[in-house]
There are 2 protein chains.
Amino acid sequence: MSASTRSGPQLSRGEFGLLVLGLLHRRDMYGYEIVAELRRSTEGAIDLPEGTVYPALRRLEREGLASGYWVEAPGAAPRRRYYKLTQAGEHALATGMDDWHRFKVAADAVLGQ
Amino acid sequence: MSASTRSGPQLSRGEFGLLVLGLLHRRDMYGYEIVAELRRSTEGAIDLPEGTVYPALRRLEREGLASGYWVEAPGAAPRRRYYKLTQAGEHALATGMDDWHRFKVAADAVLGQ
DNA sequence: TCTAGGTACTTGGCAAGTCTATGTATGACC
DNA sequence: GGTCATACATAGACTTGCCAAGTACCTAGA
C-alpha cells in the first residue's frame, strides 16, 4: 500500500464545467451561445469546441446542476436548448470557485508566481 | 463542420505535468520527493498520488521534456530515479506558464474574478 | 524476532473528460 | 443553386487521473 488518504476533488477535471456554470450564473444560455461567448469574452484564450460544450451541458443536467428547456427561436431558426442553473448548481459554482481559487494560488506558488 | 480552427493546447490538460516541470526547474528531483514537496509547499491543496506522478514523469521523459537517471540512495535505502529538465522541457515550461497565465486571466474573467 | 511503518518505484485497469470529425436541419443571402 | 451561419448531436479515439495492489529494503520498537 501507499499514498495517504486523499481529500477533495483535484480540479482540472471538470474545470470547463465550472466555466459553464459561471456563464449560466449570469443568465440562461444555450450551447452555441456559450461557445461564442466564451471565445468572445476571453479573446480566444478559451475556445471550446461544440464537442466539449454539449457533453458538458448534458453532464451538468444529468447531475442536477442545470436544467434545460427548449425555446423556439425567433423567425424560424433552429430551436435552442437553454440551460438554467439550479440551486444545486449555484452551490456547486460557489464550491468550485473556492477550489479554483485554492488551486490557482497553490499552482502559482509551485510555478514561482 | 463547425468551430473555427483551434489554436494551442487548452491547458487543464497536462496541468499537472506543468507543475512537475515547475518543480524540476528549481532542481532535479525524484518522484517520491515530488509528491511530498507538492503536498508540503501547497499545504495540501495539491496532493497528487503516486499513481499520478510516476506516470506523469514517464510521460515527460517519453516526450523528451525531462531525462531520468538512477541514483543509489545513501545508506541502503531504495535507489531513486531523479529527473532533470531538458532544454525542450525548459521551453515547454515557459510556453506552459504563458498558457497557464492566459487561462487563469480568462477563467477569472468568466467567473467574475 | 516479529511487526509496523517509512522510503521508493511500478503497474493494471477503470472512469472520465476533451477533441476531432461528421452529421442533421433550417434560413438568409448572392 | 451554392454557400454561409445558426444550432444541436454523437461516435470514436485519445489522454489523464487515480485507486489499488505489489515489490523491496531499512529502521525502530516491543
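In the text below, chain A, chain B and the rest are named by the order of the sequence lines, each starting its count at 1.
You'll find that the side chain of A:Arg59 is closest to C:dT18, out of C:dT18, D:dA9, D:dC18. The nucleotide whose nearest atom lies closest to any side-chain atom of B:Tyr32 is, among D:dT6, C:dC9, D:dA9, C:dC9. Comparing C:dT20, C:dT7, C:dC9 by their closest approach to the side chain of A:Pro49 singles out C:dT20. The listed nucleotides are D:dA9, C:dT10, C:dT11; the one nearest the side chain of B:Glu50 is C:dT10. Nearest to the side chain of B:Trp70, among C:dT10, C:dA25, D:dT10, sits C:dT10. Distance from the side chain of B:Phe16 is smallest for D:dG17 among the nucleotides C:dT7, D:dG17, C:dC9.
A 6.0 Å sphere centred on CD of B:Glu43 holds no more than 12 heavy atoms belonging to other residues, nucleotides or ligands.
Summarising the geometry, the separation between CZ on B:Arg39 and P on C:dA8 is reported as 13 Å, rounded to the nearest angstrom. Atoms CG (A:Leu21) and P (C:dG17) sit 13 Å apart, rounded to a whole Å. If you take CD of B:Glu63 and P of D:dT15, they are 9 Å apart, rounded to a whole angstrom. Nucleotide D:dC14 holds its P atom 13 Å from the CZ atom of B:Arg62, rounded to whole Å. Rounded to an integer number of Å, the gap from CD1 of B:Ile34 to P of D:dG17 is 14 Å. Taking atom CD1 of B:Ile46 as the reference point, atom P of D:dG17 lies 12 Å away to the nearest angstrom. Summarising the geometry, the separation between CG on B:Asp47 and P on D:dC18 is reported as 9 Å, rounded to the nearest angstrom. Atom CG of B:Leu57 is separated from atom P of C:dT11 by 13 Å (rounded to the nearest Å).
Across all strands shown, A:Gly51 has heavy atoms under 4.0 Å from base atoms, whether or not it also approaches the sugar-phosphate.
Checking the phosphate oxygens (OP1, OP2) of C:dT7, no side-chain nitrogen or oxygen of B:Arg79 falls inside 4.0 Å. Contact annotation: B:Arg80 side-chain N/O to C:dA8 OP1/OP2 distance is under 4.0 Å. For C:dC9, one of the phosphate oxygens OP1 or OP2 lies less than 4.0 angstrom from a side-chain nitrogen or oxygen of B:Tyr54. Neither OP1 nor OP2 of D:dC8 sits under 4.0 Å from any side-chain N or O of A:Arg58. Within the 4.0 Å cut-off from OP1 or OP2 of D:dA7, at least one side-chain nitrogen or oxygen of A:Tyr30 is found.
Note: B:Thr95 OG1 to B:Leu21 CG = 10.5 Å, rounded to the nearest 0.5 Å.
Using a 30° and 60° split on the angle between ring planes, B:Trp100 and A:Phe103 fall in the perpendicular class, above 60°.
Between B:Arg40 and B:Glu37 a salt bridge is recorded (basic side-chain N to carboxylate O distance below 4.0 Å).
B:Tyr32 is connected to B:Tyr69 through a chain of hydrophobic side-chain contacts under 4.5 Å among Ile, Leu, Val, Met, Phe, Trp and Tyr, so both are in one cluster.
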